[in-house]
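Here the structure is laid out as structure tokens; the discussion comes afterwards.
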Amino acid sequence: MKLVINGQEMEFAAGASALDVLEKLPKEVKKEALVARHNGKLISLMEPLPGDGEVEFVAFDDPDGRWTLRHTASHVLAQAVKALRPEAKLAIGPAIDNGFYYDFDVDEPFTPEFLKDVEKEMSRIIKKNSKLERFELPREEALELMKDEPYKVELINDLPEGSVISFYKQEGFTDLCAGPHLPSTGRIKAFKLMSIAGAYWRGNEKNKMLQRIYGTAFTSREDLDAYVQRLEEAKKRDHRKLGRQLDLFDILDEGPGFPFFFPKGMILRNLLEDYWREIHRKAGYEEIKTPMILSRKLWEQSGHWDHYQENMYTTRIDDEDFAIKPMNCPGGILVYKRRMWSYRDLPIRSGELGLVHRHELSGALHGLMRVRCFTQDDAHIFMTPEQIRDEIKGVYNLIDEVYSVFGFKYHVELSTRPENSIGTDEMWEQATDGLQGALDDLGVDYVVNEGDGAFYGPKIDFHLEDSIGRTWQCGTIQLDMNLPERFDLSYIGPDGEKHRPVMIHRVVFGSIERFIGILTEHFAGAFPLWLAPVQAKILTITDRADEAALKLQKALEDTGIRTEIDLRNEKIGFKLREARVMKIPYMLVLGDKEAAEGTAAVSVRGQRDSIGSMTADELIARMKEEVRTRAIF
RNA sequence: GCUGAUGUAGCUCAGUCGGUAGAGCGCAUCCUUGGUAAGGAUGAGGUCACCGGUUCAAAUCCGGUCAUCAGCUCCA
């Protein structure tokens with residue numbers, strides 16, 4: 001057969017495998033190849049190539065290469081667990097973003113000590129460098145082979161008629177698997193089991209909870225160590241830890257999921273809200289505030305009472321049911337309905353920093369990222385159908401501007417019509433075209449999640465990346481074809497008749513609390529000057545400089561610079577260390593020399609040595625400029 | 001909510017076999033007035049998460065509750 005490799009045509013005997021091809025290629029390629037692509041389709045190195053075509057070798061730097069290595073590692077994990085606990089039933093074991101896992105059904109849960117034994121057994125299997133073999137079976141024989149593995153039987157039975165049922169086998173261990181895999185276990189050069197967790201069979205909470213073992217694997221010890229190191233570093237920027245260390249915020253046992261903000265955290269929060277108001281005013285929004293507790297009747301009309309009640313906190317007032325708002329929209333709608341609108345008034349952009357409460361499951365809580373009360377930087381836009389595309393573009397640009405100010409990486413997802421949706425095909429088409437058209441006009445890259453929209457409309461989600469690569473949904477633009485109907489919203493068109501406005505919900509930060517959590521991790525607590533709760537700290541060397549220090553503090557504070565002063569009888573090294581631990585951007589040292597000159601010796605965060613002496617005026621000018629430009633270092 | 005682990009001073013953590021509690025940081029007082037990442041001494045500070053059980057005796061063993069952590073499910 002004729003194969004094209006790197007643009008070069010070569011001749012091979014029929015039935016040759018990618019391994020045979022590798023024999024003819026440079027040693028480095030052979031060493032690094034984990035899997036091959038034959039005409040774009042992945043195939044294990046040891047399997048016979050199906051015929052003529054282009055062959056490409058895939059190494060660890062390619063996601064498919066990583067996936068193959070880690071998938072084989074998960075088979076080794078399963079083999080090791082079976083060797084130590086033969087009664088364990090196998091579920092599934094895929095590769096994932098940063099590693100792999102395997103789910104087992106066992107009577108006794110796994111322990112950390114057991115993981116050590118599993119790692120030893122895995123090392124033994126890898127050392128033996130057993131070959132993996134692929135084979136296929138007809139359904140009946142496949143079921144017979146897997147008759148003692150009920151989860152595998154279920155998987156085989158769920159395969160559509162006519163599917164290829166393939167297995168991979170190494171050293172007497174056989175697993176149902178589509179592949180591809182490494183040619184031998186010895187190709188796993190470095191691995192580590194990370195953790196044990198429970199996980200529902202097929203991800204459904206109605207099913208049995210299985211025991212999952214997470215692990216990761218690399219092609220070298222160094223890469224594995226670097227990965228483990230990165231995780232350690234990320235732990236240091238955990239916002240829960242930094243929130244406490246920097247005295248910003250915390251969640252106490254007395255209020256699970258209900259965060260406390262301390263004075264410095266409030267400064268940060270208020271600055272974010274000030275910034276939010278500034279950009280929204282410029283973008284043509286008006287601000288409102290709606291009540292936190294509203295009548296059951298309103299929630300019945302909005303549909304929340306029927307569909308969201310288990311997440312709502314309710315109360316009784318004068319023998320009537322009320323609910324603490326889990327969303328701001330019904331209140332926002334009442335504000336819209338307070339009077340009649342003309343098409344000339346639209347679009348109406350109505351923003352609200354709205355505190356909502358939702359009863360989240362206890363196990364879902366996570367610092368500021370997942371809480372039971374949070375402030376949405378919400379806005380509802382009411383408009384004519386023709387205005388959809390331009391409004392979406394406006395919101396997109398606003399969100400993009402905000403994320404750029406903080407230097408965030410993000411990606412965009414578009415979710416379309418789900419199964420159980422309301423509204424007509426025409427309505428959905430118009431709505432989806434509006435969102436998609438706006439994204440296309442802007443030339444944005446986005447992922448489409450077919451059928452992942454809400455029952456009442458399509459949406460665009462913005463996902464921000466945190467310090468360890470986790471993504472969090474923050475901004476969303478959500479089209480709503482439900483509430484305008486339920487609340488019978490209208491505006492008067494040029495024809496003098498009533499028309500139904502289109503409504504969108506949108507948030508930029510998502511929740512102020514979550515955004516602060518992400519910001520804290522993103523900057524590792526070293527906030528840019530414009531956001532830093534304490535912008536400058538004045539440190540004296542001896543008490544002879546106290547008077548000059550207090551004078552400098554007044555000069556800075558008079559121009560609005562947030563300042564702390566340390567007049568304690570401590571050595572300058574000690575005072576500086578404390579200021580650095582608190583990640584304060586400007587440290588101003590005053591001794592006899594500076595007191596006499598009327599200057600301060602300036603040190604900035606992140607630089608080891610002083611950047612020189614400045615007068616108060618010079619310093620103020622420098623800091624003001626840095627704040628004005630919202631500079632990030 | 002589910003699975004597993006954890007809960008000791010404000011923080012980070014020791015605490016052996018069941019015999020009644022420790023360190024460092026922080027805090028207070030005193031000494032030290034010094035030049036870019038921790039000067040020294042003394043002292044205060046604990047219902048060992050909470051409730052119950054076993055025991056002559058429980059931080060320690062057992063049960064329950066609450067909270068936290070890692071995941072699953074769900075979600076801004």
Side-chain angles (χ1 to χ4, degrees), chain A residues 96 101 103 106 108-112 114-115 194-214 235 238 240-241 244-245 247 250-257 308 310-311 326-328 354 356 358-378 461-464 472-476 478 505-515 517-518 539-546 567-582 587-594 601-604 607-611:
Chain A
I96 50 175
Y101 67 79
D103 286 347
V106 281
E108 285 289 303
F110 297 138
T111 61
F114 178 70
L115 275 199
M194 307 300 289
S195 60
I196 310 163
Y200 299 110
W201 165 237
R202 297 195 145 179
N204 186 330
E205 61 184 321
K206 299 211 166 47
N207 290 341
K208 184 164 185 185
M209 182 157 274
L210 309 174
Q211 288 284 306
R212 175 173 295 179
I213 297 178
Y214 282 97
K235 258 191 215 157
D238 189 315
R240 292 167 296 191
K241 206 182 174 105
R244 220 172 288 131
Q245 274 169 10
D247 204 25
D250 202 359
I251 296 183
L252 310 177
D253 282 1
E254 289 81 354
Y308 205 69
E310 58 190 39
N311 282 300
M327 292 177 190
N328 301 303
V356 298
R358 299 179 186 176
H359 182 75
E360 300 295 345
L361 295 176
S362 56
L365 303 178
H366 180 92
L368 291 184
M369 305 298 202
R370 195 72 190 280
V371 290
R372 284 180 173 150
C373 74
F374 57 100
T375 306
Q376 291 182 307
D377 62 318
D378 218 341
D461 292 327
F462 294 73
H463 297 260
L464 286 187
W472 295 94
Q473 189 189 317
C474 289
T476 68
Q478 169 89 60
H505 314 255
R506 46 108 284 183
V507 288
V508 180
F509 294 146
S511 104
I512 305 271
E513 289 77 4
R514 175 181 288 182
F515 201 78
I518 295 171
L539 315 170
T540 51
I541 294 174
T542 75
D543 54 15
R544 292 187 298 277
D546 284 5
L567 300 179
R568 289 177 304 170
N569 178 9
E570 295 289 352
K571 291 198 173 168
I572 194 63
F574 179 80
K575 293 185 180 184
L576 276 158
R577 179 177 190 279
E578 271 194 358
R580 287 183 172 128
V581 166
M582 292 303 281
M587 288 155 285
L588 313 174
V589 175
L590 273 80
D592 288 335
K593 183 164 158 282
E594 290 76 14
V602 180
S603 287
V604 295
Q607 288 185 38
R608 202 158 181 88
D609 298 317
S610 162
I611 58 167

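In what follows, chains carry the letters A, B, and so on, assigned in the order in which the sequence lines appear, proteins first and then strands, with residues in each chain numbered from 1.
Taking atom P on both nucleotides, B:G39 is separated from B:G26 by 9 Å, rounded to a whole Å. Rounded to whole Å, the C1' atom of B:A37 lies 23 Å from the corresponding atom of B:A41. Comparing the C1' positions of B:G15 and B:U20 gives a spacing of 13 Å, expressed to the nearest Å. Straight-line distance between the C1' atoms of B:A21 and B:A59: roughly 8 Å, to the nearest whole Å. The same atom, C1', is picked in B:C17 and in B:U55; the two are 15 Å apart, to the nearest Å. Distance check on atom P: B:C25 versus B:G19 gives 29 Å, rounded to whole Å. Rounded to the nearest Å, the gap between the C1' atom of B:C48 and that of B:G18 is 15 Å. Taking the C1' atom of each, B:C62 and B:U68 are spaced 23 Å apart, rounded to whole Å.
As rounded to whole Å, 15 Å separates atom P of B:C72 from atom CD1 of A:I196. Atom CH2 of A:W201 is separated from atom C1' of B:U73 by 16 Å (rounded to the nearest Å). Between the CD atom of A:E570 and the P atom of B:U33 there is a distance of 13 Å, given to the nearest Å. A straight line from CD of A:E254 to P of B:A49 spans 15 Å, rounded to a whole angstrom. As a whole-Å value, the separation of A:N204 CG from B:G1 C1' is 13 Å. As rounded to whole Å, 13 Å separates atom C1' of B:C2 from atom NZ of A:K206. The separation between A:M582 atom CE and B:A37 atom C1' is 15 Å, rounded to whole Å. Per the geometry, OH belonging to A:Y214 stands 17 Å off P belonging to B:A5, to the nearest Å.
For the atom pair A:L464 CG and A:I518 CD1, the distance stands at 5.0 Å (nearest 0.5 Å). Residue A:S195 holds its OG atom at 8.0 Å from CG of A:L115, rounded to the nearest 0.5 Å. Note that NZ of A:K241 is 12.5 Å distant from CG of A:D250, once rounded to the nearest 0.5 Å. To the nearest 0.5 Å, the span separating CD on A:E578 from CG on A:L539 amounts to 9.5 Å. In this structure, A:N311 CG and A:E360 CD are separated by 5.5 Å, a value rounded to the nearest 0.5 Å.
The side chain of A:F574 sits closest to B:G26 out of B:G71, B:U33, B:G26. Comparing B:A37, B:G1, B:C27 against the side chain of A:R568 picks out B:C27 as the nearest. Out of B:U68, B:U36, B:G39, the shortest distance to the side chain of A:P256 is found at B:U68. The side chain of A:R580 lies closest to B:A37, out of B:A37, B:G39, B:C75. Among the nucleotides B:G4, B:C74, B:G35, the one closest to the side chain of A:R370 is B:C74.
Scanning atom types as modelled, no donor and acceptor separated by under 3.5 angstrom connect the side chain of A:Y200 and the base of B:G71. Interface remark: the A:R212 side chain does not form any donor-acceptor pair with the B:C72 base, using a distance-only criterion of under 3.5 Å. Remark: the A:D609 side chain and the B:U36 base include no donor-acceptor N/O pair separated by less than 3.5 Å. Between the side chain of A:E594 and the base of B:G35, a donor-acceptor pair under 3.5 Å is found.
Within the nucleic acid shown, A:V507 has no heavy atom closer than 4.0 Å to any nucleic acid atom. A:F509 comes within 4.0 angstrom of no nucleic acid atom, judged by non-hydrogen atoms across all strands. A:A601 comes within 4.0 angstrom of a base, heavy atoms only. Within 4.0 Å of A:G573, counting heavy atoms only, lie sugar-phosphate atoms of the nucleic acid but no base atom. At the heavy-atom level, A:E360 lies under 4.0 Å from base atoms of the strands shown. Base engagement by A:D592 is indicated by at least one non-hydrogen atom pair under 4.0 Å involving a base atom. Here A:G203 lies in heavy-atom contact (under 4.0 Å) with sugar-phosphate atoms only. Base contact: A:L361 has a heavy atom under 4.0 Å from a base atom. Backbone-only contact: A:D253 has heavy atoms under 4.0 Å from sugar-phosphate atoms and none from a base. Across all strands shown, A:K575 has no heavy atoms under 4.0 Å from either base or sugar-phosphate atoms. Within 4.0 Å (heavy atoms only), A:V371 reaches at least one base atom of the nucleic acid.
With hydrogens and angles disregarded, a donor-acceptor distance shorter than 3.5 Å links the side chain of A:R506 to the backbone of A:D377. In terms of modelled atom types and a separation under 3.5 Å, the side chain of A:D461 and the main chain of A:Q473 share no donor-acceptor contact. In terms of modelled atom types and a separation under 3.5 Å, the side chain of A:R240 and the main chain of A:H366 share no donor-acceptor contact. For A:R370 (side chain) and A:L365 (main-chain N/O), no donor-acceptor pair under 3.5 Å exists by modelled atom type. Proximity of a side-chain donor or acceptor of A:R358 to a complementary backbone N or O of A:P326 within less than 3.5 Å is detected.
Side-chain atoms of A:F374 and A:V356, non-hydrogen and from C-beta on, do get closer than 4.5 Å to each other. Counting heavy atoms from C-beta on, the side chains of A:S610 and A:V589 never come closer than 4.5 Å.
For RNA chain B, the stems formed by at least three consecutive Watson-Crick or G-U pairs, with both atom-pair distances below 3.5 Å, span B:1-7 with B:66-72, B:10-13 with B:22-25, B:27-31 with B:39-43, B:49-53 with B:61-65.
Contact record, A:V106 with A:Q211: CG2-CG, 3.6 Å, taken as the closest heavy-atom pair.
Nearest-nucleotide positions on RNA chain B place A:E578 closer to the 5' end than the other of A:A199 and A:E578. Nearest-nucleotide positions on RNA chain B place A:T111 closer to the 5' end than the other of A:T111 and A:E513.
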Please list each protein N or O that sits under 3.5 Å from an N or O in nucleotides 11-14 of chain B, with the distance.
{"from": "B:U12", "atom 1": "OP1", "to": "A:R244", "atom 2": "NH1", "distance (Å)": "3.4"}

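By the criterion of a centre-to-centre distance under 5.5 Å and near-parallel planes under 30°, the ring of A:F374 forms a stack with the base of B:A76.
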